[in-house]
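Sequential numbering from 1 along the given sequence is applied to the chain's residues. Whatever order the structure lists ligands and atoms in, that order sets their numbers, starting from 1.
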Amino acid sequence: MAINKNKFYISTPIYYPSGNLHIGHVYTTFMCDAIARYKRACGYDVFFLTGTDEHGQKIQDVAKNNNITPIEYVDNMANSITNLWKDFAITNDDFIRTTQPRHEKVVQEVFSYFLQNGDIYLGEYEGWYCKPCESFFTTSQLVDGKCPDCGREVTKEKEEAYFFKMSKYTDKLLDFYKRHENIVMPSSRLKEVVNSFIEPGLEDLCVSRTSFDWGVKVKENPKHVVYVWLDALLNYLSALNYRNNDETKFLKYWNEDCEKVHVLGKEITRFHLIYWPVFLMALNLPLPDKFLVHGWIVMKDGKMSKSKGNVVYPEPLKEMYGIDMLRYYLLREIPFCEDGIFTPEQFVERCNADLANTYGNLVHRSLSMIKKYFNGLIPNYEKAFNDLDYDLEITCKNSINNFFMKMDNFDVTNAISTIFDTITKANKYIEDSKPWALAKDETKQKELASVMSHLANVIYITSTLLTPFLIEGSNKVLDMLNVPENLRNYQALNLPFGQLSNIHISENITPVYARLDMEVEVQRMKEKIYSK
Ligand code: MSP
């Protein structure tokens with residue numbers, strides 16, 4: 001691991017507050033939070049941003065259906081979303097709302113700037129409009145006459161509108177992606193966008209609407225509101241105080257020295273890989289360094305949808321299982337670039353297998369033996385006495401290196417499984433070194449002490465590595481081991497094996513994660529997770 005004092009910027013997409021957030025949204029946020037915590041632990045100066053995308057016709061309609069004003073509606077929703085993140089111990093540094101004056105001001109200024117320099121012009125738009133997606137499409141973009149993004153009906157609409165000269169940027173954007181082929185993970189997502197949209201030539205983008213008024217008004221022509229995607233994408237800058245009195249944050253994080261990463265779901269790649277870089281080019285600003293594009297969390301019967309009644313909400317899962325299990329399950333079980341199916345059965349199986357059995361057992365068995373054989377004192381680390389000790393030390397070292405390599409490539413799922421491989425190996429180490437037999441032989445006390453010391457140190461190392469993913473459990477284990485503050489960081493993992501020496505573990509050894517009863521919990525989940 002390189003100890004780094006550099007800066008790191010990471011964002012979630014800003015969520016539509018048109019309904020309560022479900023486990024798909026939570027997945028995006030967990031992913032960012034885990035990476036943000038990892039980078040902080042590596043010594044980076046991190047700015048982690050999330051927020052809400054509050055304008056647009058859909059929000060206006062939902063508010064109307066609820067008999068409240070749009071601002072009352074989004075205030076309530078933003079409040080409940082910030083509480084959700086607090087409840088899950090999300091460590092975002094800011095929460096941007098597109099209805100905040102600090103954001104609206106930036107949108108208006110940028111729009112005016114584009115108008116003045118000719119990137120935006122006034123024209124007339126006719127096209128196929130998808131209301132839920134708030135997007136216009138050309139006939140050739142429709143799939144079977146329906147919206148290519150969500151598959152719903154589209155209607156023909158015509159209006160006076162402002163356009164952004166996307167076409168002017170086709171070559172520049174192609175050239176940028178040629179020079180940055182690895183900027184998107186997985187790279188197949190970039191190929192799709194390049195082949196289907198950029199190479200054929202970008203079409204100018206309609207960036208204003210007159211059919212509704214819940215949006216940022218165009219200052220020069222207030223019957224127009226700014227297109228939600230231009231409005232929304234600018235959150236990544238407005239939260240940094242771009243074009244505000246004090247631009248310190250913007251200058252600090254939006255520059256070439258800061259690694260800027262956007263995490264997003266696959267259905268919004270086009271907006272992030274085309275519009276966003278072009279807007280940045282038009283503003284003469286540096287482009288992002290990475291786009292991490294994840295798949296969807298789906299149910300056995302397909303996409304989550306209110307009409308199917310299969311939307312899974314995070315709150316009941318937190319109430320029943322705490323903050324770690326859902327986070328762990330989603331980050332570990334769902335392959336990053338692909339869609340993953342959520343089932344209550346797999347949830348129970350994964351949590352039991354990894355958390356209660358593999359990790360929980362290692363911790364419980366080891367700490368109980370330290371208590372039993374050494375009165376709770378972790379014996380002094382001396383050396384590797386035999387091949388088993390040596391092997392375990394090497395596994396640990398390799399696992400640390402592998403873990404950092406994977407996390408530096410944002411390969412979160414495999415980084416976690418690297419840690420669990422070591423935990424599994426440590427469980428096998430107990431079986432192979434048979435401490436219960438050593439305990440019976442007075443001549444084997446040194447070997448017994450070595451086994452305990454090795455176990456305590458492996459648990460210390462793996463638990464420290466696990467801190468971005470298992471917020472409560474890993475810290476509980478570090479507490480039970482009484483790990484001193486100066487060792488509770490990633491830098492300390494660069495020190496030689498055996499740092500945890502001569503330390504009294506806590507009196508209170510309790511299971512880290514409860515073992516879940518499959519039948520009971522699946523039933524409980526089926527009753528509770530489909531309503532907030
Ligand atoms: N408001 C826009 C983003 C603007 S960013 C400038 C938006 N909002 S959203 O609420 O619809 O989606 C936000 C994120 O949640 C997206 O990355 C999306 O992929 C993710 N998810 C929504 N449903 C999901 C699943 N079922 N599974 C995984 N993630 C999904 O798009």
Going from CD on E472 to CD1 on I323, what distance comes out if it is rounded to the nearest 0.5 angstrom?
4.0 Å
Nearest 0.5 Å please: distance from the NZ atom of K318 over to the CG atom of D87.
4.5 Å
Decide whether the shortest distance between a heavy atom of [X] and an atom of ligand 1 is less than 4.0 Å.
| X | answer |
| --- | --- |
| K303 | no |
| Y236 | yes |
| G295 | yes |
| W229 | yes |

Students should be able to answer this: which protein heavy-atom is nearest to [atom], and at what distance?
| atom | answer |
| --- | --- |
| atom 20 (C) of ligand 1 | T28 OG1, 3.6 Å |
| atom 23 (N) of ligand 1 | H22 CE1, 3.2 Å |
| atom 11 (O) of ligand 1 | Y16 CD1, 3.3 Å |
| atom 15 (O) of ligand 1 | H25 CD2, 3.4 Å |

Within 45° cone of Y162 ring axis and under 6.0 Å: R209 NZ or CZ:
no
Please check this pair: side chain of D94 against backbone of L49, looking for a donor-acceptor N/O pair closer than 3.5 Å.
no
Look only at the side chain of R327 and the backbone of M31, and say whether a donor-acceptor pair between them is shorter than 3.5 Å.
no
Would you say L174 and V194 make side-chain contact, with heavy atoms under 4.5 Å?
yes
Counting both backbone and side chain atoms, is some N or O of [X] under 3.5 Å from an N or O of ligand 1?
| X | value |
| --- | --- |
| P13 | no |
| E267 | yes |
| Y15 | no |

Salt bridge present between D45 and K39 (N-O < 4.0 angstrom)
no
Output the list of atoms in ligand 1 that are nearer than 4.0 Å to some heavy atom of [X], sorted by atom number.
| X | answer |
| --- | --- |
| I268 | 16 (C), 17 (O), 31 (O) |
| M304 | 26 (N) |
| G265 | 16 (C), 17 (O), 19 (O) |
| A232 | 6 (C) |
| L264 | 17 (O) |
| I297 | 25 (C), 26 (N), 27 (N), 28 (C) |
| D53 | 1 (N), 2 (C), 4 (C) |
| H294 | 28 (C), 29 (N) |

Would you sort out whether Q523 and E527 count as a side-chain hydrogen bond (donor to acceptor under 3.5 Å, both in side chains), showing the intermediate values?
CA-CA 6 Å; Q523 188 51 34; E527 283 160 18; 3.0 Å; yes
Out of V263, V311, I14, I334, whose heavy atom sits nearest atom 3 (C) of ligand 1?
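Nearest heavy atom to atom 3 (C) of ligand 1 lies in I14.
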Given G24, G19, S18, identify the one with the heavy atom nearest to atom 30 (C) of ligand 1.
G24
Is it the case that the side chains of [Y] and [X] hold a donor-acceptor pair, with the cut-off being a distance below 3.5 Å and no angle test?
| X | Y | answer |
| --- | --- | --- |
| H224 | E160 | yes |
| Q60 | D213 | yes |
| E109 | S112 | no |
| T29 | Y15 | yes |
| R243 | S238 | no |

